[in-house]
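See below for the structure under consideration.
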Amino acid sequence: MHKNFGVANFLKQLNEVQQQAVMQTEGPVMVIAGAGSGKTRVLTYRVAYLLTKGADPFNILALTFTNKAAREMKERIIKLIGSTEGKNVWMGTFHSIFARILRVEGHHLGYPQNYSIYDTDDSKRLIKSIIKEQNLNDKVYAPNYVLGRISGAKSGLVSVAEYNQNPEVKASDESAGKPKIGELYKIYQGRLKKAQAMDFDDLLFNMYILLRDFPDLLYKYQQRFKYILVDEYQDTNHAQYMIVKKLAANNENLCIVGDDAQSIYGFRGANIQNILNFRSDYPDHKVFKLEQNYRSTKTIVGAANGIIVNNKNQIFKEIWTENEEGNKINILKASSDNEEGGMVANSIFEHKMNFQLKNNEFAVLYRTNAQSRSIEEALRRRNIPYRIFGGLSFYNRKEVKDLLAYFRLVINHKDEEALMRVINYPARGIGKTTLEKLIVEADRVNKSVWEAAEKLEVSNPGLNAGTRRKIIEFTTMIKSFKAQVGKKNAYDLAKHIATSSGLLRQLYEDKSPEGVSRFENIEELLNAIKEFTEQERTLQTEEETEEKNSIRTLDEFLQEVALLTDQDKNDKNSTDYVSLMTIHMAKGLEFPYVFLVGLEENLFPSIQSLSARADLEEERRLFYVALTRAMKKITLSYAETRYKWGNLTICEPSRFLEEVDEKYIEAPRKASIHKSDFFESGPKIRTTSSGDKEKVKRKNFRRVSSVSPEPSHGGMDHSELQTGMEVEHRKFGRGKIVHLEGDGANKKATVFFKGVGNKQLLLKFAKLKVLK
DNA sequence: ACCGTATTCAGCGCG
DNA sequence: TGAATACGGT
């Protein structure tokens, strides 16, 4: 009704380029959005603009990477144009939108409407059990590695058949000493199908197959999604890229937004080429570059620009700002990780006192989660409240997953991972042996484990009457829950399941602090379900609208929760704390004062990024992302020694420190960030008086000197090692050196171990014994 | 079936 | 170092 209300008004809130990007509604559009340039603003205004121009909300598809991004965008659109229209826009993550479509269309591929979604945890368990069943060595076939290969294949749209037929893939698996991956992939997919389950990669893979193999479906969704928007396009993988391409192929009203400089998810399959190639993919495109930064000071913008130019692979742009010059960058040098924490905490304290700041104006960012400990301790000592983001999120807690597994099993009896999780939890005397018999029986009749359990009366897997009764009690209970799915609302049924399964009682009886917290988590989950039942439905397909009644049921809840991971269920924004998180987690956020810690070689840039140029460029983009989180001031810090894996190790300052232009740095850079100096600080560690430290330090030096017997001085050269030599490693056994690189403390050897494959070893740490 | 102890292994992590 | 899992004894 107020379709044109305030259009002119809200366009006035945009700068010129932003306006152009918003108003170019037809044809392919690429928006290159520098850090802090108002990217979300452009996306939301564009959707709002489309709606005021008369587009039907059901015809707009907006894809994001996180639930958070989708939610925020939706809220802002509703603010701009009101909730009736805003609510109906198809806005969500790739996974949630496709999961929804697959509920409706999955039957074309043989999936029922109530298919389960396996999370990474379920996938890993399944892979593990397959590896075990196949009698493969789980050192050679490390579950994580296998899963990585499979996931990589699926996100690259390589099917089981294609994987097994491709000679290059085969050769690469064989040279890695893992020729059976293709077979594991096949078994894995078979088991998922049998459990009527999809993993996260399947949601994308199967969506693509639907569009590729069913022209009428392709046509249907092309008609439905007349306007497509994709956020964070630099983070799309091949599957996502191809799906978007298919959907947009008809009218090419596709708007992608992203920043190649902030592509930091290459390690999980994101393909930066997708954004770099957009121009050639869509020759009729228009490009808009958002280059004005509204977030940071000139110093921060200048320093960030200065470091990112060191990357070769990028789209040219010039980020600038009208903001003030601001504070120079501070660099802190600490002698140890603990001291680094102390210096950061002190600096936060001083800033707070001097400028009357609140805790939530500060963030401490690090490369790896393990670094949070020393920072945490230091903040705690100074009574500065903090909150760690990341780590175990709510939905990954064991007790929460257990209850959710009950729900999953109720909705889809064939969900094997769910069944394994709960069949004997709480303990009901169905142990490992019994389960194994059931699995063998299921395998024999080629049915799911559930079906084998259900048909105990007729089959005879050699179980005694007592065990049999227990299993039948269990299946009867689950079936009785199932009967209530459509009758009770989600909360009532969830509560009923939690109680009559015995789960709630089991947790209640555990009075240890952990037990109490577990019980509270279940209460919280139940509260979330209660909230859910009281919410209105949003966004539904026509197919869904017809048959739904007024109550919100457990299966509906499950569909939403399966794709939820954020720890931001209820943002407790009210409290005032310093934020601690990894740089990855900080992407998209901003803080007035940012401390970036652990700027050391082999940590940031990380040790595994040093061998490939592309990886190093990704690390540099990560550094860029970290710098551009700061609005007013950024402080960088590094330590000369750090505990890694329980050992004291000596660290060199990061190369990234040298890439920051001197003119932005507060005090003139000390010579101390150079190698020569830092080795002089070596003896300092040896003369500590504390007996405790003495032990650690001796352990450390023993490690170093085990390669060469002389008293170490840090600068060992391992010159006795040559390519082609046979060596022995404590863990991997005998191997042959195939490559040597770097020198001094960074000298690395690539060694081929039989049955293990090639391993890169830092000679500083690896105990290599020369055999000949 | 369950519990305490030994052993192992460390990246960033959206859905 | 410390969390997660495997193992082995009861």
Side-chain angles (χ1 to χ4, degrees), chain A residues 63-70 92-100 117-125 128 132 138-139 142-144 148 151 154-155 198-204 207 231-232 235-237 239-240 263-270 337 365-371 373-374 389-393 395-396 398 424-435 467 559-567 581-588 598 602-610 615 618-619 621-623 625-626 642-649 696 699-700 730-731 765:
Chain A
L63 296 168
T64 65
F65 272 82
T66 63
N67 291 308
K68 199 175 157 206
T93 62
F94 280 90
H95 292 85
S96 69
I97 297 281
F98 299 161
R100 186 163 244 138
I117 296 173
Y118 277 12
D119 66 14
T120 318
D121 221 57
D122 299 316
S123 300
K124 205 180 282 175
R125 283 162 178 257
K128 263 189 194 164
K132 210 167 186 180
D138 65 357
K139 296 284 179 305
N144 268 327
S151 172
K154 287 204 261 190
S155 40
M198 299 193 205
D199 67 12
F200 289 135
D201 298 312
D202 287 332
L203 295 174
L204 306 179
M207 182 70 205
D231 189 16
E232 308 274 18
D235 288 338
T236 49
N237 63 29
Q240 290 162 327
S263 160
I264 55 175
Y265 284 108
F267 69 89
R268 65 173 191 217
D337 46 0
L365 308 182
Y366 34 79
R367 179 65 178 78
T368 66
N369 275 312
Q371 289 166 258
R373 231 195 65 209
S374 56
F389 291 80
L392 258 202
S393 81
Y395 290 101
N396 277 326
K398 182 186 177 300
N424 198 32
Y425 185 81
R428 41 177 78 86
I430 306 173
K432 218 164 97 187
T433 331
T434 310
L435 219 45
T467 320
Q559 286 168 22
E560 282 203 8
V561 85
L563 296 168
L564 238 122
T565 352
D566 285 342
Q567 61 284 326
M581 64 183 86
T582 62
I583 304 164
H584 282 91
M585 204 135 228
K587 190 176 165 208
N602 299 339
L603 179 63
F604 191 19
S606 103
I607 188 157
Q608 21 244 331
S609 71
L610 298 179
D615 286 353
E618 181 154 316
E619 292 285 306
R621 291 193 293 269
L622 198 52
F623 184 46
V625 168
R642 178 178 299 278
Y643 277 93
K644 280 183 193 168
W645 314 322
N647 283 316
L648 190 66
T649 55
V696 180
K699 191 172 159 196
N700 176 50
R730 181 176 58 91
K731 205 172 93 213
F765 297 121

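Chain identifiers are assigned alphabetically (A, B, ...) following the order of the sequence lines, protein sequences preceding nucleic acid strands; residue numbering begins at 1 within each chain. Nothing here was measured: the structure is a model prediction, and the numbers come from that model.
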Test of understanding: with salt bridge (Lys or Arg N to Asp or Glu O under 4.0 Å), list the residues that count as partners of [X], not counting sequence neighbours.
X: A:Arg373; value: A:Glu377
X: A:Glu618; value: A:Arg621
X: A:Lys587; value: A:Glu232, A:Asp235

B:dC12 base stacked by A:Phe267 (centroids within less than 5.5 Å, tilt under 30°):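 Stacking between A:Phe267 and B:dC12: present.
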
B:dG13 phosphate, OP1 or OP2: any side-chain N/O from A:Asn369 under 4.0 angstrom?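 Result: yes.
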
Using only heavy-atom distances, decide whether a donor-acceptor pair under 3.5 angstrom links the side-chain of [X] to the base of [N].
X: A:Glu619; N: B:dG11; answer: yes
X: A:Ser606; N: B:dG11; answer: yes
X: A:Ser609; N: B:dG11; answer: no

Considering all heavy atoms, the nearest A:Asp199-A:Ser123 contact: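 Taking every non-hydrogen atom into account, CB-OG, 3.7 Å.
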
So, for A:Leu204 and A:Ala239, which heavy atoms are closest and what is the spacing to 0.1 Å?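 Closest approach of A:Leu204 to A:Ala239: CB-CB, 4.1 Å.
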
Please identify each residue that fulfils side chain to side chain donor-acceptor pair (under 3.5 Å) with A:Ser151, with sequence neighbours left out.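 Counting only residues at least two positions away or on another chain, A:Ser151 forms a side chain to side chain donor-acceptor pair (under 3.5 Å) with A:Asp201.
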
Donor-acceptor pair between A:Thr93 and A:Ser96 side chains, under 3.5 angstrom: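 Yes, a side-chain donor-acceptor pair sits under 3.5 Å.
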
Protein-nucleic acid N or O pairs under 3.5 Å, nucleotides 1-5 of chain B:
residue	atom	partner	partner atom	Å
B:dA1	OP1	A:Gly431	N	2.7
B:dA1	OP2	A:Lys432	N	3.2

Rounding to a whole Å, what distance do you find between [X]:[atom1] and [N]:[atom2]?
X: A:Leu204; N: B:dC14; atom1: CG; atom2: C1'; result: 11 Å
X: A:Ile117; N: B:dG15; atom1: CD1; atom2: C1'; result: 9 Å
X: A:Asp337; N: C:dT1; atom1: CG; atom2: C1'; result: 11 Å
X: A:Leu603; N: B:dG11; atom1: CG; atom2: C1'; result: 10 Å
X: A:Asp231; N: B:dG15; atom1: CG; atom2: P; result: 12 Å
X: A:Leu365; N: B:dG13; atom1: CG; atom2: P; result: 12 Å
X: A:Glu618; N: B:dG11; atom1: CD; atom2: P; result: 16 Å
X: A:Phe200; N: B:dG15; atom1: CZ; atom2: P; result: 9 Å

Rounded distance in Å between the P positions of B:dG13 and C:dA4: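 Roughly 16 Å separates the two P atoms.
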
Name the closest nucleotide to the [X] side chain, picking from [options].
X: A:Thr368; options: B:dG15, B:dG11, B:dG13; result: B:dG11
X: A:Asn67; options: B:dC12, B:dC14, B:dG15; result: B:dG15
X: A:Met585; options: B:dG15, C:dT5, B:dG13; result: B:dG13

Name all residues meeting the ring-ring contact (aromatic ring centres under 6.0 Å, His included) criterion together with A:Phe65; count only those two or more places apart in sequence or in a different chain, and write none if there are none.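 Listed in chain order: A:Phe94.
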
Select from A:Asn144 and A:Thr120 the residue whose nearest nucleotide in DNA chain B is closer to the 5' end of that strand.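 It is A:Asn144, whose closest nucleotide lies nearer the 5' terminus.
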
Regarding A:Arg373, tell me which of base, sugar-phosphate or nothing describes its non-hydrogen contacts under 4.0 Å with the strands shown.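 Sugar-phosphate contact only - A:Arg373 comes under 4.0 Å of backbone atoms but never of a base.
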
